[in-house]
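Input: a single structure, listed below in structure tokens.
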Amino acid sequence: MLSLWKKKPQEVQEPRGKLVYAIIPAAGSSRRMGGGNKLVMELGGQPVLCRTLQVFEQCDAIDGIILVCRKQDQTIYAGLCADWKINKVMQIVEGGPSREHSVLNGILACNSQIGYVAIHDAARPLITDEIIRKAVETAKRDSAAAPGVRCKDSIQRMQKGRMIENIDREAIVAVQTPQCFDIDLIRAALTRAIEQEMQLTDDCGAVTAMGQPVTITDGSYENIKITTPEDVILGEAILKGRMLK
């Protein structure tokens, strides 16, 4: 049984910052989009990356942004930030061979004034201020929080192409981003995950592997990740729906 993560006595005694920074991993290859960089594709007349960053730019719960990307994209993304007046981007950091490495690179770029991080997929441009705020506020209380939504579909466990067990939907949540953490907690969790070569799908997995629970906050079915061409169509429809409200 893993014990819950606790700060070491010397860490508790040291003064720590209260700033909240968004870590935006944007180092993916866009393979499932079928060619081209999905983050520079336009969604509602604005590049996907800039639409994502702009929400964090305008959110008072976020003090700064660290963007993590491939070396060849750094100049391009810096230009987009300038063009769209994304002023909270403090650093553009080179990514690593995996998402865990990339996020950890972003965290290691944080100074001692930063106490919490909100890690958000660059390809989730339909995030809202309210979702960010709730996750950040909860992480400040519980050390770890992430937005989630209930699964609508029937969930089955599969083996060799056949359904073998029904899984109760009430026990399942689809976890989204931003996933927000005490910076010392997520730094330790990701370092451990990389050292042990864990196979993870998100940052919460590294934290729960240490025995630390993550509080689920309200997400949204509109907070989709742009992964395939079909997601672009859905994203455009969501934006149009928002304009009509």
Side-chain angles (χ1 to χ4, degrees), residues 5 7 11-27 39 46-69 74 77-95 99 102-147 176-191 202-204 206-207 212 214-215 217-220 223:
W5 169 84
K7 284 182 177 294
E11 292 176 324
V12 175
Q13 294 168 6
E14 292 176 358
R16 59 194 306 273
K18 295 183 179 180
L19 296 182
V20 180
Y21 266 39
I23 307 292
I24 310 293
L39 296 181
Q46 185 176 15
V48 168
L49 176 62
C50 296
R51 187 171 287 280
T52 299
L53 293 174
Q54 204 161 62
V55 183
F56 287 86
E57 174 78 18
Q58 295 170 357
C59 181
D60 291 341
I62 300 298
D63 299 299
I65 301 169
I66 293 179
L67 181 61
V68 187
C69 66
Q74 290 180 330
Y77 292 170
L80 287 175
C81 289
D83 291 343
W84 288 91
K85 296 180 173 55
I86 311 295
N87 299 314
K88 281 187 182 178
V89 174
M90 303 302 179
Q91 294 186 63
I92 299 180
V93 177
E94 186 174 349
R99 178 190 169 87
S102 293
V103 173
L104 185 58
N105 284 355
I107 291 168
L108 293 175
C110 293
N111 62 43
S112 60
Q113 294 180 305
I114 300 163
Y116 299 89
V117 290
I119 304 165
H120 184 71
D121 300 323
R124 285 189 192 267
L126 301 173
I127 184 62
T128 65
D129 185 278
E130 182 180 10
I131 293 173
I132 296 170
R133 284 179 180 279
K134 284 185 178 179
V136 168
E137 289 169 2
T138 305
K140 286 182 176 180
R141 184 192 70 201
D142 296 345
S143 294
Q176 302 177 338
T177 66
Q179 297 179 4
C180 304
F181 308 97
D182 175 291
I183 193 169
D184 295 328
L185 167 61
I186 189 61
R187 184 193 299 115
L190 287 174
T191 299
D202 66 1
D203 306 296
C204 286
V207 170
Q212 173 70 23
V214 178
T215 303
T217 58
D218 292 335
S220 169
N223 185 22

In chain order, what residues pass the side-chain contact (heavy atoms from CB on, under 4.5 Å) check against Ala122, with sequence neighbours excluded? Ile24, Ala26, Leu39, Leu49
Without swapping roles, check the side chain of Lys18 against the backbone of Gln113 for a donor-acceptor pair under 3.5 Å. no
Do Val117 and Val20 come close enough that some side-chain heavy atom pair is under 4.5 Å? no
Residues that Ala206 engages under side-chain contact (heavy atoms from CB on, under 4.5 Å), provided they are two or more places apart: Ala189, Leu190, Ala193, Leu200
Excluding sequence neighbours, so at least two apart, what forms salt bridge (charged side-chain N to carboxylate O under 4.0 Å, His left out) with Asp60? Arg133
Test ring pair (Phe, Tyr, Trp, His ring centres under 6.0 Å) applied to Phe56 - qualifying residues, sequence neighbours left out: His120
Check: Val207 main-chain N/O paired with Gln212 side-chain donor or acceptor under 3.5 Å: no
The reported gap from CE in Met90 to CG in Asn111 (rounded to nearest 0.5 angstrom) is 10.0 Å
Any side-chain heavy atom of Pro178 within less than 4.5 Å of one from Val136? no
Backbone N or O of Asn87 within a donor-acceptor pair of the Glu57 side chain at under 3.5 Å? yes
Do Gln91 and Leu67 have side chains that get closer than 4.5 Å, going by heavy atoms? no
Thr215: partners by side chain to side chain donor-acceptor pair (under 3.5 Å), with sequence neighbours left out: Asp142
Any side-chain heavy-atom pair of Val68 and Val103 under 4.5 Å: no
Pairwise side-chain contact, Thr138 with Cys180, heavy-atom cut-off 4.5 Å (strictly under): no
Taken in chain and number order and not counting sequence neighbours, the residues that satisfy side-chain contact (heavy atoms from CB on, under 4.5 Å) with Gln54 are Gln46, Gln58, Trp84, Ile86
Under the side-chain contact (heavy atoms from CB on, under 4.5 Å) test, residues paired with Glu130 that sit two or more places apart: Thr128, Lys134
Shortest non-hydrogen pair, Gly106 vs Ile66, comes out as O-CD1, 3.6 Å
Does any part of the side chain of Ile119, heavy atoms only, come nearer than 4.5 Å to the side chain of Pro25, both counted from C-beta? yes
Which heavy atom of Ala123 sits nearest a heavy atom of Pro125, and at what distance? O-CD, 3.1 Å
Distance from Ile114 atom CD1 to Leu19 atom CG, nearest 0.5 Å? 6.5 Å
Going through the distances and angles, do Asp218 and Ile131 end up as a side-chain contact (heavy atoms from CB on, under 4.5 Å)? CA-CA 7 Å; Asp218 292 335; Ile131 293 173; over 6 Å; no
Leu80 versus Cys50, closest heavy-atom pair with distance: CB-SG, 3.6 Å
In the structure I gave you, are the side-chain heavy atoms of Leu53 and Cys81 within less than 4.5 Å of one another anywhere? yes
For Thr217 versus Ala145, what's the shortest heavy-atom pair and its separation? CG2-CB, 4.3 Å
For Gln176 and Ser220 the tightest heavy-atom approach is NE2-O, 2.7 Å
Validation row: Thr191, Leu104 side chains within 4.5 angstrom (heavy atoms): yes
Could you list all the salt bridge (Lys or Arg N to Asp or Glu O under 4.0 Å) pairs where at least one residue sits in residues 110-121, not counting sequence neighbours? Arg99-Asp121, Asp121-Arg124
Walk me through it: do Ser143 and Tyr116 pass the test side-chain contact (heavy atoms from CB on, under 4.5 Å)? CA-CA 9 Å; Ser143 294; Tyr116 299 89; over 6 Å; no
OG1/Thr52 to CD1/Ile127 distance, rounded to the nearest 0.5 angstrom? 9.0 Å
Looking at every heavy atom in both Pro147 and Ala135, which two are closest together, and how far apart are they? CD-CB, 4.3 Å
Listed by chain and number, what are the side chain to side chain donor-acceptor pair (under 3.5 Å) partners of Asp202, not counting sequence neighbours? Gln179
Go through the structure and list residues passing side chain to side chain donor-acceptor pair (under 3.5 Å) with Asn105, not counting sequence neighbours. none
Name all residues meeting the side chain to side chain donor-acceptor pair (under 3.5 Å) criterion together with Tyr21; count only those two or more places apart in sequence or in a different chain, and write none if there are none. none
